[in-house]
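Notes follow once the structure below has been shown.
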Amino acid sequence: MKFETPAGTNPIDQRRVIGKPTPRIDGPLKVTGTAPYAFERNDVAPGHAYGVIVGSAVAKGRIARIDTADAERAPGVIAIVTRENAGKLGKAKAHTATMLAGPMVEHYDQAVAIVVAETFEQARDAAKRVRVDYARAKGRYNLAAAKAGAPIAPGDKMKTAVGDFARAFAAAPVTVDATYTTPDQSHTMMEPHATIAAWDGDTVTLWTSNQMIAWAVRDMSETLLIPKEKIRVVSPYIGGGFGGKLWVRSDAVMAALAARAAKRPVKVALARQQVMNNTTHRPATIQRIRLGADKTGKITAIAHQTWSGDLPGGGPETAANQTQLLYAGANRLTETRLAVLDLPEANAMRAPGEAPGMMALEVAMDELAEKLGMDPVRLRVINDTQVDPEKPERPFSDRNLVRCLEEGAQRFGWSRRNPTPGTVRDGRWLVGMGMAAAFRNNMNMKSGARVGVDRKGVVTVATDMTDIGTGSYTIIAQTAAEMMGVPLDKVIVLLGDSRFPASAGSGGQWGGNSSTAGVYAACVDLRRRIAQKLGFDPDRATFADGKVSDGGRSVDLAKAAGDEGISGEDTIEFGRLNDDYAQATFGAHFVEAGVDAHTGEIRVRRMAGVYDAGRILNPVSARSQVIGGMSMGIGAALMEDAVVDPRFGYFVNHDLAEYHVPVHLDVPHQEVVFLDTLDDKTSPMKAKGVGELGLCGAAAAVANAVYNACGVRIRDYPLTLDKVLKGMARV
Amino acid sequence: MKPFTYERAASPAAAAAAVARTPGAKFVAGGTNLLDLMKLQIETPRHLVDVNRLGLDTIEPTAEGGLRVGALVRNTALAADPRVRRDYGVLSRALVSGASGQLRNKATTAGNLLQRTRCPYFYDTNQPCNKRQPGSGCAAIGGFNRNLAILGTSKDCIATHPSDMAVAMRALDATVETVMPNGQARRIAIADFHRLPGGTPWVETALVAGEMITAVTLPAPVGGTHIYRKVRDRSSYAFATISVAAVLRPTTGTARFAFGGLAHKPWRVEAAETRVDGGAKAIAAAALAGAQTTDQNAFKVPLVERTLASVLAEGAAA
């Protein structure tokens with residue numbers, strides 16, 4: 001199905017199942033511990049051995065010698081794979097660094113070997129017995145130092161300019177010119193990367209934890225240099241990804257190589273430390289923002305320049321994304337520059353671009369509001385735009401930012417905020433309120449599904465879509481139930497297997513809308529087939545209460561399916577609507593934060609937001625996504641910081657004791673409200689992404705609340721107490 | 001983790017003798033720190049002597065009016081004991097501010113005293129660390145040391161001791177009771193129990209090989225207002241940037257202060273306690289005399305003073 005014109009009324013609009021708060025259908029499996037994650041699939045790989053990856057001890061250099069003799073003699077060892085005996089390997093186009101080093105080492109903890117043994121403990125012990133001599137090379141690990149001369153990054157819209165920014169900025173009566181920095185961040189998903197690989201002749205099956213099944217097949221094919229048809233990837237349950245599992249990583253590649261060498265299935269999980277340095281991370285950014293406004297607060301000049309680093313051939317953090325679209329202003333400039341760094345591979349992490357970009361832009365807006373003596377909500381309202389400000393002929397498909405801002409302010413009690421920083425006290429706490437807009441692009445991705453009905457009237461959906469904890473199983477079941485006119489308990493959803501039709505996968509908050517649209521398309525095909533089989537008019541036939549009806553005739557769905565059942569399959573493909581219209585999701589974050597007047601400790605006391613993401617397919621799972629994003633925003637604002645040691649070139653605090661993400665006590669009550677909107681330009685579902693929106697802007701709202709609480713403006717994330725104290729000493 | 005042998009000890013003296021007798025042996029109790037370190041091969045014991053079934057898990061009154069806390073009393077149990085909560089509030093509060101509920105359920109009194117530093121370089125076997133690999137150097141000096149020590153450091157090590165419990169015990173003048181491999185008992189004042197790194201940062205306590213902690217005794221209650229203020233980067237499951245264990249007795253005009261997060265051991269300068277009248281500034285100046293800071297951890301100096309001010313204000317309001 002091609003989606004090329006705005007959606008009209010369709011069965012999704014019935015909202016019998018869609019839009020209802022529906023607990024996740026995979027919930028019982030999850031809470032009883034019976035949803036099998038990759039590392040637990042002992043059922044599919046009997047007699048498997050264990051592999052442990054040996055990571056590079058240096059960040060850059062050459063492997064001079066690998067001595068495996070001692071490891072080979074260790075108890076239980078079956079095989080050791082290094083670059084020397086791995087056979088010919090390619091590098092997937094999606095990979096910046098190779099999954100197996102040799103002879104060159106590209107980053108710290110890059111895999112240099114895998115040791116396979118009978119037990120996990122034996123493999124881990126033997127892995128420590130592999131001795132590797134390195135010729136260390138000098139690397140570049142410091143973004144601030146590498147920033148000078150960093151070129152414009154490759155890719156679209158890495159440099160945009162409209163009007164005459166320099167002149168408008170120079171002429172503006174009120175200006176902000178500030179530089180913000182955000183640190184490297186690690187995905188720290190609950191489930192580390194894990195794979196069981198098993199070969200059957202020249203065919204390999206990977207039970208793994210991956211967000212994008214079709215990409216995984218492609219990348220394994222390009223790495224192992226075998227046809228895609230010889231690779232099966234299965235990933236039905238995923239314990240979080242946040243972008244860290246968009247591409248296959250060393251666990252999958254090394255498990256496949258190890259299983260080939262050991263002639264047995266091999267199971268590999270990365271240790272937590274390896275998740276931090278062996279895999280990808282969100283790169284640090286340096287962002288300079290200049291805003292110029294007239295005295296009424298109208299922005300006349302807006303510029304956002306951003307720098308990040310990556311290994312040679314890598315990509316940038318596109319932190320200027322939202323600045324191209326969020327606010328009006330006739331004179332505009334964005335630049336995204338990319339330095340070369342020899343840290344582990346920089347890559348996508350939840351809301352790449354907007355997550356760190358909004359951390360800077362929305363603080364700059366707070367600074368501008370203060371200079372104008374204007375309420376920060378009002379500043380954003382008067383700079384709203386209903387068209388792409390770089391391309392005014394391109395309207396937004398549906399944009400309700402102003403409603404989010406105004407309704408959020410009202411619900412939160414924003415009018416009670418004292419705009420003078422440092423004036424509200426509650427015991428030992430200085431208390432402040434801050435806000436920020438939420439903004440994240442809406443992307444759509446081609447997505448396919450197969451839907452069948454059996455003789456009992458049970459509807460089964462099969463698609464390689466993944467559920468990374470987001471609720472995909474449930475919204476897909478809701479979609480199929482709505483389309484086929486059956487209750488939710490008559491739907492079975494099968495996900496995450498490359499034998500199923502290729503889907504959008506989970507990434508960039510495109511999964512929910514795109515994959516359900518794919519299921520919608522498959523259901524349309526199935527409905528047509530059923531109608532035709534019954535001699536009904538496909539355009540008139542209705543599907544409700546387990547029956548297919550047309551005029552006076554009505555047939556049980558089960559009967560229509562017959563003994564052999566009936567199935568349909570289709571793929572939704574998106575046309576030009578995402579080019580002709582700017583599609584995005586919006587919201588407004590409001591935060592109350594306390595700063596300990598003595599110690600500078602920051603604790604978020606209250607958080608609320610109003611969000612506009614088109615049709616909300618399932619209010620409870622959407623809310624979970626948003627509060628997860630808001631919580632991640634607390635982490636980004638206050639604690640997440642993968643610290644680089646520039647002498648050795650690695651992330652030093654590589655475990656969950658030292659790399660902090662919020663604990664329950666850091667996360668206060670969160671109020672989430674969704675606007676009841678529909679966006680007919682996005683898909684037949686009229687929905688948009690919501691998985692990343694809650695993160696975008698949340699950290700800035702926290703930072704703005706901290707400033708309002710204590711009067712210390714910190715532009716270097718995370719906002720830790722030492723930075724607060726330094727500022728307090730100044731003010 | 002290296003392969004190791006294992007035995008379950010029959011008595012404290014037998015446990016001590018077994019560890020003394022067997023090369024590379026260690027005691028294991030709660031295992032919350034040791035097992036993590038073994039997995040990373042930071043600790044590589046060849047033999048473990050399990051002391052979990054030796055009893056030593058009761059809290060008994062002493063003849064002197066104090067409490068004798070068995071070595072294997074779990075942190076959760078010690079924090080919840082009504083006598084501890086009533087008479088040694090600073091200890092109870094320090095305990096519950098540490099680690100997580102699950103860890104406190106397993107962690108023991110003796111093990112808490114013996115936990116090892118959280119310096120990130122100690123935790124990465126690819127990097128130099130004099131504590132882990134004597135003579136290899138200290139990567140923390142000149143590296144990431146925001147949360148490391150500012151007092152009692154050496155050119156070989158700037159690690160901190162991560163315990164909260166021990167800081168409160170230092171304020172309470174606790175005594176560590178041990179049994180030596182020859183079966184003899186010994187008492188070590190908490191002040192003398194942990195060592196400064198000096199030129200031998202791998203020697204962390206006064207214990208000799210095989211010596212086993214059997215109990216920690218608390219002197220008779222000292223009264224006053226008990227405060228444990230832990231300053232940290234997140235609300236729970238975070239080691240202290242700094243902490244203050246305070247016992248304030250406004251009626252007598254005396255006070256005790258011990259500090260965590262500043263040194264290789266709980267830090268207490270009794271002379272600073274005579275400066276209460278001078279307020280937080282005077283106390284901090286005396287307690288922090290000789291502090292050596294880095295760009296990253298210099299904030300601990302003003303933070304101690306500010307936290308003391310907060311503690312004194314809380315004490316005055318109590």
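Any value given below was found using the heavy atoms of this structure, including those in side chains, with hydrogens, waters and symmetry copies removed. So you know, we letter chains A, B, ... as the sequences are listed, proteins then strands, and number each from 1.
- Most heavy-atom pairs under 4.5 Å with chain A: of the set B/Asp124, B/Leu40, B/Thr125, this distinction falls to B/Asp124.
- Within 6.0 Å of the CZ atom in A/Arg124, the count of heavy atoms belonging to other residues, nucleotides or ligands exceeds 12.
- We find that B/Arg118 and A/Asp655 are not joined by a salt bridge, their nearest charged nitrogen and carboxylate oxygen being 4.0 Å or further apart.
- Within residues 136-145 of chain A, no residue has a heavy atom under 4.5 Å from a heavy atom of chain B.
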Mind listing the side-chain donor-acceptor pairs of residues 49-57 of chain A below 3.5 Å, one per line with the distance, residues two or more places apart or on another chain?
{"from": "A/Ser56", "atom 1": "OG", "to": "A/Val58", "atom 2": "N", "distance (Å)": "3.1"}
{"from": "A/Ser56", "atom 1": "OG", "to": "A/Val58", "atom 2": "O", "distance (Å)": "2.6"}

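- Looking at B/Tyr123, B/Phe144, B/Phe239 one by one, the single match for side-chain contact (heavy atoms from CB on, under 4.5 Å) with A/Glu658 turns out to be B/Phe239.
- For the set A/Asp722, A/Leu665, A/Val663, the count of heavy-atom pairs under 4.5 angstrom toward chain B peaks at A/Asp722.
- Under the rule for a salt bridge (Lys or Arg N to Asp or Glu O under 4.0 Å), the partners of B/Asp233 that lie at least two apart in sequence or sit in another chain are B/Arg146.
- Between chain A and the residues B/Ala317, B/Gly142, B/Pro120, B/Ser100, the largest count of heavy-atom pairs under 4.5 Å involves B/Gly142.
- Summarising the geometry of A/Leu656 relative to B/Tyr237, their closest heavy-atom pair is O-CE2, 4.0 Å, with the distance given to 0.1 Å.
- Looking at residues two or more places apart in sequence or on another chain, you find no side-chain hydrogen bond (donor to acceptor under 3.5 Å, both in side chains) involving B/Thr307.
- Ionic pairing of B/Arg229 and A/Glu601 is present here: one or more N-O contacts between side-chain nitrogen and carboxylate oxygen are shorter than 4.0 angstrom.
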